[in-house]
Each structure stands twice: as C-alpha cells, then as structure tokens.
Enquirer: 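Mind looking over this structure? Questions follow.
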Amino acid sequence: MLSPCKLLLAVCLITTVLGQTATTAMTPGTYRIDTSTTLLNGTASGSLTTSPIFTYVGAHNSPFVRENSVAANQNLDVKVQLNDGIRMFQGQTHKVNETIYYYCELESGPVEDYLKTVVEWLRDNPFEVVTILIGNGGLLDVGEYLDPLEKSGLAELAYVPKQRNIKINQWPALSEKILTGKRAVVFVDYKADEGIIPYLLDEFKYMWETPFSQTDETFPCTIDRPPEQPKNDTQGKLYMANHNLNAEFSIAGRASVLVPNTVALNGTNGVSGFGSLGLMANNCRCLPLHALEYPNFLLVDFYDVGDGSVFEVAAWANSVTYDGKCCGKRTSTASPLIRATDLLLLLPALAILFSIIS
C-alpha cells in the first residue's frame, strides 16, 4: 500500500494539474459537483484517497458497433465511448482461425486491435481508470488471451490485487491505481486462472451479476451469476446490473432470436419511470441483500440514447451532479438504430434459411 503522505502529495499534484483545465478538459459524459471542483474519473477528487467504490456506466458488447444491424449493441465506437465517459467495457469473444475476435452474433474485429485503442486512449489520458470484462463465450483456455493482452499493451497497465479474492472494501482507491500506473482492471467470466495470467481476474471471485439477456422490463435485481452463491459471500463483492432489454422473436416455430429492444430504449436508459435504469438502480440499492449500495456497474445498450440519461443515473448514485453534455457523434448520417420491429421484415428470409439448414 502507498503511504498516506505519498497519496496526499500525489493528490495535491493531480489536483493542481487538473484544476488548471477542469472546465475545458472534462469529457461530455463526466459528472461534476460544480464547475470549480476538479473531478477525476467521474468522481470528486477529495474522495480519491478514501473510497474505491463508485458506480460506473458500462457498454454492453462495447465492440458490437455496426449500422443497420439488429445484432449491434452500441452506436459509437470504443474511442467515442471512452471520451463520453464509459468506464466499463464488456464483450463476448471467440477464436476464429487462430485469432481471438470480439464475436457473438456480430463479428467486430480482433480483440488485440480493440484493446490497443483502449490502451492508446489510457496513455493519452493518464488520470483515467477503466474496467474491462472479457466474455469467454468460446470457453478458451485462459492462456489463449496472453498474446492479445501483451501485444495490445494492456498487460502493462493491468492491476493485480495484492491478495486474491479481495472484498469490496479492499479495492484500492483510484489515486493508488493512477499513481502506480495500473489503471485497467481486467476480468474474464469463465476459465480464469490467475496463476497463469495474474492480472486477468476471475470475475465471479470478485463480482456477481443480475440476470442478463433480459426480456423482463422489471429487471429483477437478483443474483444470476454465479449461481447458488451464499448471501454472506455476495455482500462482500462488487456487483453489476445488466440493464439491457431484449425482444424475443420466434422463427418458423423452431427457434427464438433475442435482439436489443431499441423501441423501448429511451425508457430503458431513462432516469425514472417503469423499466428505467434509474428505477432499477434504486430498487437494487433498497434490497436488504445489497446493504444500501448502488450497483458498481450499470451495463447498458446504446448508451447515447437518452442524451446522457445513463450518466445522470450514475451521477446521482455517486452523489455528484451530471453536467448534461452527451454524447459523441456518429460518423455517418445513416439511421442510428434498427428498431426491434424491423426484424419482422427479416423473419420470412430467416424462416427459409432455417428450413434449408434443418
């Protein structure tokens, strides 16, 4: 652990440097107390040395950006996501022809390329901290990830806990991560082995999740992964709320397809109202299981829909004020979203496809 004196000195230096540009250097998705207060990573600088626990907005399937695709989960690429204030990045991965790709229903390029973009941004923004959650949908041996993690440069920035299975109150303050240069916390959901890659952390030793692939607009704040976790163990961990709504379609009575419910996005990403991110966050906090703690990560689709509403929710969860500036612009003038109802146009073709392959 860094000594209190070193931490205090560092915070003074950071505050001095950032204080000179506090008004002009803030990214659109950042929240602040007021224009004269320096904030760091969306949090009041005064709490940097004391509290490691905040609420962050996460991009569900962050790499899955493609216009006019019902399989996309985001409108804006990862660099824009970073500039807008997204600080948690999740995506499913699979191996294709000896290369690990971000891939589920949508192929979104090699993992190494994506992580390089994140690393370059972190090096350009030395006072920022991010969390990356790698979905090992292909159940690859953890050693397979070593190459893209090292070649991207992320391994150099990745945080390694001083002891394993640390609890929620044992995570270091943001200032310590910044001072040590270990500004990326990297998790993998399955097949983790911290003996092989110490900085690729076993997600479910440190964090649990609410149900994912939701079609239920009430978004129950219950433990979905890992299953059958003891209550006393759950209360000592970080937790992530999967707040991305899906629409389910049946195809020729033989299969069902889940796609993002873009029709309901403004409500789903909203601050208040039925099915909203704000209501879900507050409901989670009020459950006895969560000991009055908001979710640490709010994982959303199309975070830019709602003009910053997802960041506003995170702001009041962190007891700061949202500045109301969001979000980065798309590079194309094409329609930003394909609505879930547009999938109906594809159903006849999909039905034919299923009849051919069945």
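Worth saying up front: this structure is predicted, and the values here are computed from it rather than measured.
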Enquirer: Would you please name every residue forming a ring-ring contact (aromatic ring centres under 6.0 Å, His included) with Y114, sequence neighbours left out?
Expert: Y102

Enquirer: Give me each pair satisfying salt bridge (Lys or Arg N to Asp or Glu O under 4.0 Å) with a member in residues 237-249, each pair once, sequence neighbours excluded.
Expert: D233-K237

Enquirer: So, the side chain of E194 versus the backbone of Y199: is there a donor-acceptor pair under 3.5 Å, distance only?
Expert: no

Enquirer: Grab the two heavy atoms, one from D84 and one from C327, that are nearest each other, plus how far apart they are.
Expert: OD2-CB, 3.3 Å

Enquirer: By salt bridge (charged side-chain N to carboxylate O under 4.0 Å, His left out), which residues pair with K191, not counting sequence neighbours?
Expert: D141

Enquirer: Can you list everything that forms a side-chain hydrogen bond (donor to acceptor under 3.5 Å, both in side chains) with K151? Sequence neighbours excluded, please.
Expert: D147

Enquirer: Go through the steps to decide whether W316 and Y294 satisfy the test ring pair (Phe, Tyr, Trp, His ring centres under 6.0 Å), and finish with yes or no.
Expert: CA-CA 10 Å; W316 56 250; Y294 288 107; 5.5 Å; yes

Enquirer: Residues in side-chain contact (heavy atoms from CB on, under 4.5 Å) with D224, at least two apart?
Expert: P211, F212

Enquirer: Around D307, counting heavy atoms of other residues, nucleotides and ligands shown, do more than 12 lie under 6.0 Å from its CG?
Expert: no

Enquirer: Could you pull out all residues at least two apart from R183 that satisfy salt bridge (charged side-chain N to carboxylate O under 4.0 Å, His left out)?
Expert: none

Enquirer: Do you know which two heavy atoms are closest between G308 and C326, and how far apart they sit?
Expert: CA-CB, 3.7 Å

Enquirer: side-chain hydrogen bond (donor to acceptor under 3.5 Å, both in side chains) with E209: which residues, sequence neighbours excluded?
Expert: R225, N242

Enquirer: For K79, which residues count as a salt bridge (charged side-chain N to carboxylate O under 4.0 Å, His left out) partner, sequence neighbours excluded?
Expert: none

Enquirer: Under the rule for ring-ring contact (aromatic ring centres under 6.0 Å, His included), what residues qualify as partners of Y206, not counting sequence neighbours?
Expert: W171

Enquirer: Would you call E128-R87 a salt bridge at under 4.0 Å N-O?
Expert: yes

Enquirer: How far apart are the C-alpha atoms of E112 and K116, what are their side-chain angles, what is the distance that settles it, and do they pass the salt bridge (charged side-chain N to carboxylate O under 4.0 Å, His left out) test?
Expert: CA-CA 6 Å; E112 180 183 330; K116 278 182 179 177; 3.3 Å; yes

Enquirer: Between Y322, F302, Y303, which is the residue that forms a side-chain contact (heavy atoms from CB on, under 4.5 Å) with V310?
Expert: Y303

Enquirer: Tell me, please, which residues at least two apart from E217 pass salt bridge (charged side-chain N to carboxylate O under 4.0 Å, His left out).
Expert: none

Enquirer: Do the charged groups of E293 and R285 touch, with an N to O distance under 4.0 Å?
Expert: no

Enquirer: Is there any side-chain hydrogen bond (donor to acceptor under 3.5 Å, both in side chains) pair reaching into residues 269-281, and which pairs are they, with sequence neighbours excluded?
Expert: none

Enquirer: Mind checking ring-ring contact (aromatic ring centres under 6.0 Å, His included) for F219 and listing every partner two or more places apart, or none if nothing turns up?
Expert: H243

Enquirer: Are S62 and Q90 close enough that some pair of their side-chain heavy atoms sits under 4.5 Å apart?
Expert: no

